[in-house]
There are 2 protein chains.
Amino acid sequence: MTTVRGARARARIEITAAIKDEARTQLAAEGAAKLSLRAVARELGMVSSALYRYFPSRDDLLTALIVDAYDAIGAAAEKAASETAGQRPLDRWTAVCRAVRAWAVAHPHEYALIYGSPVPGYSAPQDTIVPASRVGLVLIETARGAHTGEGVALPPLPEGLRPEAARLAADIAPDLPPALAVTLVAAWSQLFGLISFEVFGHFHNIVEDREAFFAAAARRLGQDVGLLPRG
Amino acid sequence: MTTVRGARARARIEITAAIKDEARTQLAAEGAAKLSLRAVARELGMVSSALYRYFPSRDDLLTALIVDAYDAIGAAAEKAASETAGQRPLDRWTAVCRAVRAWAVAHPHEYALIYGSPVPGYSAPQDTIVPASRVGLVLIETARGAHTGEGVALPPLPEGLRPEAARLAADIAPDLPPALAVTLVAAWSQLFGLISFEVFGHFHNIVEDREAFFAAAARRLGQDVGLLPRG
DNA sequence: TCACAATCAAGAGCAGTGCTCTCATTTCAT
DNA sequence: ATGAAATGAGAGCACTGCTCTTGATTGTGA
């Protein structure tokens, strides 16, 4: 399938990668707003129009970077999950959260690209939806481990949320109780609320020891989804 | 102080407001990335260089819009708080949260300007920090109502978070127990995690009944900060 | 009242951007 | 070997933020 047919195909792959690399460098240095196709081409010793043979537009380049960023932060989450395979669910949960945060803090501009204001259009391209779900899937999987077998005490669902909860659970995790599925999705978004506030500077002059603050909040999020401190 | 000295000063105020209005219109229509000084000037029947008499740069115009957006969402929160003055703390809390969300959903691009990726530089200008704190202050005030007098059961702080919690509480709410102050700040950021995920499209194909979902999550956040369902 | 200074609009212009088009060259499959 | 497809280079268009100069309008102190 992905066998390299000839020198030309090989070159195309390499140049595409080089373009993405240089773009990522500029992204990390100056942010998405100042990422310039011409500057990327200039740095690579080619003329700007040549770059359009590889990416049909600036937004397509950005989309490629978005996909890569989703994959990178998803891989970080998966790595933390697999490295804590035998441990208690709550510890695994916090380990995953801390890994996600660590990636975000280390790559603020790439993080802003995927969890900040949507820049290209309003609807995310099709290619991004699978990579975008990786962190969420890890969280679901981590929580699932604690809920196989017996049920855990979760607050009852409000009447009006019943149908939505059932639909949502059937969609993302049919084997889990609806109340848990809802809580998981909420915890998922709240996790990124914590991270975004730190990365985007809203904790400036407010939270100093961000590491400890986040660890405690993430742990509490884990308890919210039914992971017990001991057991 | 703000007395209008003459016709010229009056005109300056009016033109400045007109520029901001037109800029806000373009922001709402196309987003911050496509906000163009030249287009604003064109729409106002003036030449682009004239606009620089009122805003020294594009970033300064954006900063003015940022301040206005913080003020608007802060006012929405304060309105909800004052309109529910006599009610139970948990109901007030959810009312405030829903008002904040409603403003965000109604003004997605302005919301993205203040809670999305920071666009101008990395450090927010001085003028923004006071308006930026309004929503947070309302949340603190709402929670304070339930904690005057007796204490409410809050999970104990982890050992490592003790000093940070004390410092943080002394900073933002010296009369509240440190554990509550920490939880409040976490809930604050998690609230915007919920809203950002909705506004930025991360709930696409996942959460359908966003209204009910948010109401339940916000209520739960209120319980996290110690507001009791009954009482 | 009048002259001077501050303020302001207009226009030209600069450097930069994303993107398109044409044209020559190179590579590949037949 | 030949025709088709892929690639690179260059010119050019419309747009951007921003600066500078010029001339007109407005406010103010002697």
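Below, read A as the first sequence line, B as the second, and so on, with proteins coming before strands; counting in each chain starts at 1. Bear in mind the structure is a predicted one, so any value in this text is a computation, not a measurement.
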Taking the side chain of B:Arg58 as heavy atoms from C-beta outward, which of D:dG17, C:dC19, C:dA10 is closest to it? D:dG17
By nearest-nucleotide position on DNA chain D, the 5'-leaning member of A:Arg12 and B:Arg42 is A:Arg12
Whole-Å gap separating P (D:dG8) and CD (A:Glu14): 12 Å
Is B:Asp209 paired with A:Arg167 through a side-chain N to carboxylate O contact shorter than 4.0 Å? no
CG of A:Leu61 versus P of C:dC19: gap in Å, rounded? 10 Å
Side-chain donor or acceptor of A:Arg8 under 3.5 Å from a matching atom on the base of C:dT26? yes
Can you figure out which of C:dC28, D:dG12, C:dT20 approaches the side chain of A:Ser49 most closely? C:dT20
Considering only C:dC28, D:dA9, D:dT19, which nucleotide approaches the side chain of B:Tyr52 most closely? D:dT19
For residues A:Phe55 and A:Ala64, report the shortest heavy-atom separation together with the two atoms involved. CE2-CB, 3.9 Å
Gap between atoms NZ and C1', on B:Lys34 and C:dT17 respectively (whole Å): 14 Å
Stepwise salt bridge (Lys or Arg N to Asp or Glu O under 4.0 Å) test for B:Glu14 and B:Arg10: CA-CA 6 Å; B:Glu14 279 175 16; B:Arg10 199 189 318 261; 5.7 Å; no
Base, sugar-phosphate alone, or nothing: which one does B:Ser48 contact when heavy atoms must sit under 4.0 Å apart? base
Within this structure, what is the CZ-to-P distance between A:Arg10 and D:dA6, rounded to whole angstrom? 19 Å
Reckon B:Tyr54 touches a base, only the sugar-phosphate, or nothing at all at heavy-atom distances under 4.0 Å? sugar-phosphate
Rounding to an integer number of Å, can you tell me how far B:Glu43 CD sits from D:dT16 P? 12 Å
State which of D:dT16, C:dT17, C:dC21 makes the closest approach to the side chain of B:Ser36. D:dT16
Return the value, rounded to whole Å, for the distance between atom CZ of A:Arg38 and atom C1' of D:dG12. 10 Å
Interatomic distance where CG belongs to B:Leu35 and C1' belongs to D:dT16 [whole Å]: 12 Å
Residue mapping more 5' on DNA chain C - nearest nucleotide basis, B:Arg53 or A:Ser57: B:Arg53
Is the shortest side-chain N to carboxylate O distance from B:Glu164 to A:Arg210 below 4.0 Å? no
Shortest non-hydrogen contact from A:Arg144 to A:Leu176? CG-CD2, 3.9 Å
Tell me: CG of B:Leu37 to P of D:dT19, nearest whole Å? 11 Å
For A:Ile15, answer base if it contacts any base atom (sugar-phosphate contacts may also be present), sugar-phosphate if it contacts only those atoms, and nothing otherwise; contact means non-hydrogen atoms under 4.0 Å. sugar-phosphate
